[in-house]
S.K.: 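To start, I am sharing the structure in question, which I have written as C-alpha cells.
Hydrogens, waters and symmetry mates are skipped; everything else that's a heavy atom, side chains included, is used.
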Amino acid sequence: QVQLVESGGGLVQAGDSLRLSCSASGRTFSSYAVGWFRQAPGKEREFIAAIAGTTGGSYYTDSMKGRFTISRDNAKNTAYLQIDSLKPEDTAVYYCAASTVVAGMERMYDYWGQGTQVTVSS
C-alpha cells in the first residue's frame, strides 16, 4: 500500500517555473515507478512523464519533452516534477501515481494522490 500526497502547486505567472512534489508513505517507495498526469478544466487527464523505481530511467510523452523534468529521491520517499517556462495552457490539476511498471496509461497505476492545482496567469 502506498499513499501519495502532491504539493507545490499554486498561482504563478507565465514564464515562471514550479517544482511539484509527490510524497509517499511506506517503506517500499523505491519498488514503484511514479507517473505524473494532469487534467485541465473540461479535458481528460493526460500523461506527462514516468520514472522507474530504482534505475531512475524516465519516459515522457512527446508533447511534454523539453519543459518538464521528472526526478525522484528514494531516500526522501519523494518524486518531483519540474515545470519550466509555464504557459496558461499548463493550468490543470497535477496528479502523481504509483505503478509496478513504468507506463503511460492511467489503468497501469494502482495508487493516486489527490492532486495539486497549478494556475498560470498570462
S.K.: Any side-chain donor-acceptor pair under 3.5 Å between Asp84 and Ser17?
M.R.: yes

S.K.: Taking the side chain as C-beta and beyond, is there a heavy-atom pair between Arg45 and Arg38 under 4.5 Å?
M.R.: no

S.K.: Taking side chain to side chain donor-acceptor pair (under 3.5 Å) as the definition, give me every residue that meets it alongside Gln3, ordered by chain and number, with sequence neighbours left out.
M.R.: none

S.K.: Tell me whether the centres of the aromatic rings in Phe37 and Tyr95 are closer together than 6.0 Å.
M.R.: no

S.K.: Please tell me if the side chains of Val5 and Gln114 come closer than 4.5 Å, counting only heavy atoms from C-beta onward.
M.R.: yes

S.K.: How far apart are the closest heavy atoms of Ala33 and Val101, and which atoms are they?
M.R.: CB-O, 3.5 Å

S.K.: Do Tyr80 and Leu20 come close enough that some side-chain heavy atom pair is under 4.5 Å?
M.R.: no

S.K.: Could you point out which residue of Thr69, Thr61, Asp62 forms a side-chain hydrogen bond (donor to acceptor under 3.5 Å, both in side chains) with Lys65?
M.R.: Asp62

S.K.: Could you tell me if the side chain of Leu18 sits less than 4.5 Å from the side chain of Val118, heavy atoms only?
M.R.: yes

S.K.: Any non-hydrogen side-chain atom of Ser7 less than 4.5 Å from a side-chain atom of Thr116?
M.R.: no

S.K.: Please report the closest heavy-atom contact between Val2 and Ser25, naming both atoms and the distance.
M.R.: CG1-O, 4.0 Å

S.K.: Measuring from Arg72:CZ to Ser21:OG, what's the distance to the nearest 0.5 Å?
M.R.: 13.5 Å

S.K.: Would you call Tyr94 and Ile48 a side-chain contact if the rule is heavy atoms closer than 4.5 Å?
M.R.: yes

S.K.: Decide yes or no for Phe47 and Tyr59: does some side-chain heavy atom of the first lie under 4.5 Å from some side-chain heavy atom of the second?
M.R.: yes

S.K.: Is there a side-chain contact between Phe68 and Asp90 (heavy atoms, below 4.5 Å)?
M.R.: yes

S.K.: Measuring centre to centre across the rings, with the benzene-like ring taken for any Trp, is Tyr109 within less than 6.0 Å of Tyr32?
M.R.: no

S.K.: Please walk me through it: do Glu106 and Trp112 pass side-chain contact (heavy atoms from CB on, under 4.5 Å)?
M.R.: CA-CA 10 Å; Glu106 287 189 44; Trp112 291 82; 4.0 Å; yes

S.K.: So how far is it from Cys96 SG to Ile51 CD1, rounded to the nearest 0.5 Å?
M.R.: 12.5 Å

